[in-house]
Trainee: 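Starting off with a structure, shown below.
Letters go in sequence order (proteins before strands), and every chain restarts at 1. Just so we're clear, the structure is a prediction, and the values are computed from it rather than from any experiment.
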There are 2 protein chains.
Amino acid sequence: MHQPGLRERKKQRTRLALIDAGLELFLAQGYEATTIDQIAAAADVSPRTFFRYFATKEDLALHYVFENEMRILAELATRPSDELPFASLKHAFRKSLKAVEDATPEDTQRMLRTRRLLDATPSLVGRASSRTYAMERRMAEEIARRQGVELTCDIRPMMIVALLSTTLRVAFECQHRELTNAKDLVAVSESAMVFLERSLVPGWDDLTRPS
Amino acid sequence: MHQPGLRERKKQRTRLALIDAGLELFLAQGYEATTIDQIAAAADVSPRTFFRYFATKEDLALHYVFENEMRILAELATRPSDELPFASLKHAFRKSLKAVEDATPEDTQRMLRTRRLLDATPSLVGRASSRTYAMERRMAEEIARRQGVELTCDIRPMMIVALLSTTLRVAFECQHRELTNAKDLVAVSESAMVFLERSLVPGWDDLTRPS
DNA sequence: TTGCCATGTGGCAGAGACTGCCATAAGTTA
DNA sequence: TAACTTATGGCAGTCTCTGCCACATGGCAA
C-alpha cells in the first residue's frame with residue numbers, strides 16, 4: 001500500500017474542514033438554521049464543492065455514525081462462522097465501541113459533538129435510520145449465510161440484528177448527561193447490552209434448531 | 001357529538017383525494033419522481049393547498065403509518081395499570097392490527113398501497129422512524145409512569161417499547177409476497193411477535209424487581 | 001335573507017437543498 | 001515540459017417548503 005499523494009491528503013483535509021465547520025455551526029445555531037452556503041464558506045470551499053464531498057446535509061452530520069456502522073459490518077466478517085449470531089454481533093459491536101475509545105482526541109471530539117447534535121435534533125436520529133436499516137440488512141445477510149438459512153424465508157436473522165441494533169440506538173439516545181469523554185458513552189451501551197442479554201433465553205439465536 | 005358540517009366533510013374529501021392521488025402516482029412512477037405539483041393537480045387543488053394538509057411529501061406517504069401508531073398509543077392508555085409492560089404493549093399492538101383488519105375496503109387498499117410503497121422505497125421506512133421514535137418515547141413515558149420508575153434514569157421502559165416496536169417494523173418489512181389482503185400482513189406480524197416472546201425470559205419486563 | 005366572522009383556498013415571491021453542465025485549475029505521470 | 005486525469009467553481013435550473021395577501025366559501029346570528 002502506497003502513501004497517499006498530495007491530492008488525496010488535500011481531499012481528506014477538505015472533508016475534515018467541512019465536518020468541523022458543519023458540526024460547529026449546527027451546535028451553535030441549530031441544524032435546520034444552518035445553510036450549506038454557511039458551511040462551505042466556513043470551510044473555504046464553494047457550495048458546489050460541498051456536494052462533491054457529501055450528497056446531503058444529513059450525510060455530513062451523520063458521517064461518524066455511518067463510519068461506525070461500516071466498522072461493525074467489517075468486524076462481523078472477521079468472526080468465526082460457527083459462532084452463534086448474537087455472540088458474533090456482540091463482539092463486532094464491542095470492537096466498534098473500542099474503536100471509539102481508541103480514536104484520536106480530534107475524532108473523539110467529533111463523535112461527542114455528533115452525539116450532542118443528535119440530542120439537540122431528534123429528527124436526525126430518524127433520518128440516520130434509513131442508512132442504518134440498510135446496514136442491518138447486510139448484517140442479516142451475513143448471519144443468514146453463516147447459519148445456512150434464507151433471509152427471504154426466515155425472519156430471524158433480521159430480528160437478531162434489529163434487536164441488538166435497536167438496543168444500541170436506545171443506549172445512545174438515553175445519555176442524559178453532557179458527556180465529555182468517550183468512556184461514559186461506551187459504559188451506557190455496555191449496560192444496555194447486558195440488559196438485553198439477561199432478558200433473552202439462552203440459545204434463542206440458534207437458527208439451526210427448528211423455530 | 002354533533003355531525004361534522006359541510007366544511008369538515010369537504011376537508012376530509014380533499015385529504016383522501018390527496019392521499020389517493022399521491023399513493024397512485026408514487027406507485028406508478030416512483031416516490032422521488034413524483035412532484036407535489038403532480039399530486040395537487042391530480043387531486044384538483046393548488047400546490048399551496050397541498051401543504052395545508054400535509055407538511056411534507058413524506059407526511060402524505062406515511063399518513064397511514066402514523067395513524068396506526070397513534071392508535072397504538074391510545075390503546076395503551078386503556079390497559080389496566082397493574083399489567084406488565086410487555087403484555088400491555090402486546091395487547092395494544094394487537095388491537096391496532098385488528099383495526100387494520102376491520103378497516104373499510106378503501107382504507108385497506110390504502111394501507112396495502114402504503115406497504116407496497118415502503119417496499120419500493122426503503123428510504124421512506126427510515127424517514128418514518130423520526131416520528132416512530134417520538135411515539136415510542138411517549139409509550140415509554142406511559143410505561144414508566146405505571147411502573148413507577150423515572151424514564152430519565154432507567155433505560156428499561158425505552159428498551160421494552162423499542163424491542164416490540166422494532167419487531168413489528170421487521171415483520172412489516174419482511175413481507176416478501178405481494179399482499180392482497182390485510183389478514184396476511186397481520187399473520188406475519190403475529191409470528192414475529194411470537195418469536196420475540198419465546199426468546200425472552202419470563203418476567204424480564206417486570207421493572208418492580210431490581211435490575 | 002342579509003350581513004358578519006371564521007376559515008379554507010390560490011397565487012406569488014422567495015429561501016434553501018440539490019443537480020447537470022461546462023470551463024478552469026491543480027495533481028499526476030510519461 | 002506536455003499530456004492526461006481529476007478536483008473545483010460558477011451558473012442555470014428544479015423541487016420542496018414558507019410567508020404573505022387577496023379572495024371565496026361555510027357557519028351563524030340578527
Trainee: Nearest whole Å is fine: how far is D:dC15 P from B:Glu58 CD?
Mentor: 18 Å
Trainee: Quick one: is C:dC18 close enough that its OP1 or OP2 comes under 4.0 Å of any side-chain N or O from A:Lys57?
Mentor: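 No, outside the criterion.
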Trainee: Kindly state which residues belonging to residues 124-132 of chain B come within less than 4.0 angstrom of DNA chain C, counting heavy atoms of the residue only, listed by number.
Mentor: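 Heavy-atom contacts with DNA chain C come from no residue of residues 124-132 of chain B; none.
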Trainee: Using the 3.5 Å cut-off, write out each protein N or O paired with an N or O of nucleotides 23-27 of chain C and the distance between them.
Mentor:
from: C:dG27; atom 1: OP1; to: A:Lys10; atom 2: NZ; distance (Å): 3.3

Trainee: Does A:Lys57 reach the main-chain N or O of A:Thr34 with its side chain, forming a donor-acceptor pair under 3.5 Å?
Mentor: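 Yes; judged by distance alone, with no hydrogens or angles, the pair exists.
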Trainee: Contact list please: residues 14-31 of chain B against DNA chain C, heavy atoms, distance less than 4.0 Å, in numerical order.
Mentor: none
Trainee: Taking salt bridge (charged side-chain N to carboxylate O under 4.0 Å, His left out) as the test, write out the residues that go with A:Lys90, two or more places apart.
Mentor: A:Glu197
Trainee: Taking all heavy atoms of B:Leu76 and all of B:Ser88, pick out the closest pair and write down the distance.
Mentor: CD1-CB, 3.8 Å
Trainee: Just jot down the salt bridge (charged side-chain N to carboxylate O under 4.0 Å, His left out) partners of B:Asp59, sequence neighbours excluded, or say none.
Mentor: B:Arg131
Trainee: Rounded to the nearest angstrom, tell me the gap between atom NZ in A:Lys11 and atom P in D:dT6.
Mentor: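 So the two atoms are 10 Å apart, to the nearest Å.
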Trainee: When you measure from every atom of DNA chain D, which of residues 44-56 of chain A have a heavy atom less than 4.0 Å away?
Mentor: A:Val45, A:Ser46, A:Arg48, A:Thr49, A:Arg52, A:Tyr53
Trainee: B:Leu60 has an atom CG; how far is it from atom C1' of D:dC17, in whole Å?
Mentor: 15 Å
Trainee: Assess whether a salt bridge exists between B:Glu142 and B:Arg145, defined as any Lys/Arg side-chain N lying under 4.0 Å from an Asp/Glu carboxylate O.
Mentor: yes
Trainee: Can you tell me how far C1' of C:dG16 sits from CD1 of A:Ile39, to the nearest Å?
Mentor: 12 Å
Trainee: Quick one: do B:Tyr31 and B:Ser123 satisfy side-chain hydrogen bond (donor to acceptor under 3.5 Å, both in side chains)? Show the steps, please.
Mentor: CA-CA 10 Å; B:Tyr31 175 75; B:Ser123 65; over 6 Å; no
Trainee: Looking at A:Arg79 and A:Glu75, is any side-chain nitrogen of the basic one under 4.0 Å from a carboxylate oxygen of the acidic one?
Mentor: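 Looking at A:Glu75 and A:Arg79, the cut-off is not met.
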Trainee: A:Arg13 has an atom CZ; how far is it from atom P of D:dA7, in whole Å?
Mentor: 15 Å
Trainee: When the distance from CD of A:Glu8 to P of D:dT6 is rounded to whole Å, what number comes out?
Mentor: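 So the two atoms are 11 Å apart, to the nearest Å.
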Trainee: List in chain and number order the residues that pass salt bridge (charged side-chain N to carboxylate O under 4.0 Å, His left out) with B:Arg94, two or more places apart in sequence or in another chain; answer none if no residue qualifies.
Mentor: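 Applying salt bridge (charged side-chain N to carboxylate O under 4.0 Å, His left out) to B:Arg94 gives B:Glu190.
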Trainee: According to side-chain hydrogen bond (donor to acceptor under 3.5 Å, both in side chains), who are the partners of B:Ser165, at least two apart in sequence or on a separate chain?
Mentor: B:Glu136
Trainee: Specify the separation, in whole Å, of atom CG of A:Asp37 and atom P of C:dC18.
Mentor: 12 Å
Trainee: Holding to ring pair (Phe, Tyr, Trp, His ring centres under 6.0 Å), I want the full list of residues that pass it with B:Phe93, two or more places apart in sequence or in another chain.
Mentor: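 None.
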Trainee: Holding to ring pair (Phe, Tyr, Trp, His ring centres under 6.0 Å), I want the full list of residues that pass it with B:Tyr64, two or more places apart in sequence or in another chain.
Mentor: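 With neighbours one apart ignored, the set is empty.
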Trainee: Could you tell me how far apart B:Ile36 (CD1) and D:dT14 (C1') are, to the nearest whole angstrom?
Mentor: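 So the two atoms are 13 Å apart, to the nearest Å.
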Trainee: Counting distance only, does the side-chain N/O of A:Arg146 pair as donor-acceptor with the main-chain N or O of A:Pro80 below 3.5 Å?
Mentor: yes
Trainee: Taking salt bridge (charged side-chain N to carboxylate O under 4.0 Å, His left out) as the test, write out the residues that go with A:Arg110, two or more places apart.
Mentor: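 A:Arg110 satisfies salt bridge (charged side-chain N to carboxylate O under 4.0 Å, His left out) with A:Asp20, A:Asp107 only.
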Trainee: If you look only at pairs with a residue in residues 23-32 of chain A, which of them pass as a salt bridge (charged side-chain N to carboxylate O under 4.0 Å, His left out), with sequence neighbours excluded?
Mentor: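 As it turns out, the salt bridge (charged side-chain N to carboxylate O under 4.0 Å, His left out) pairs with a partner in residues 23-32 of chain A, which skip direct neighbours, are A:Glu24-A:Arg113.
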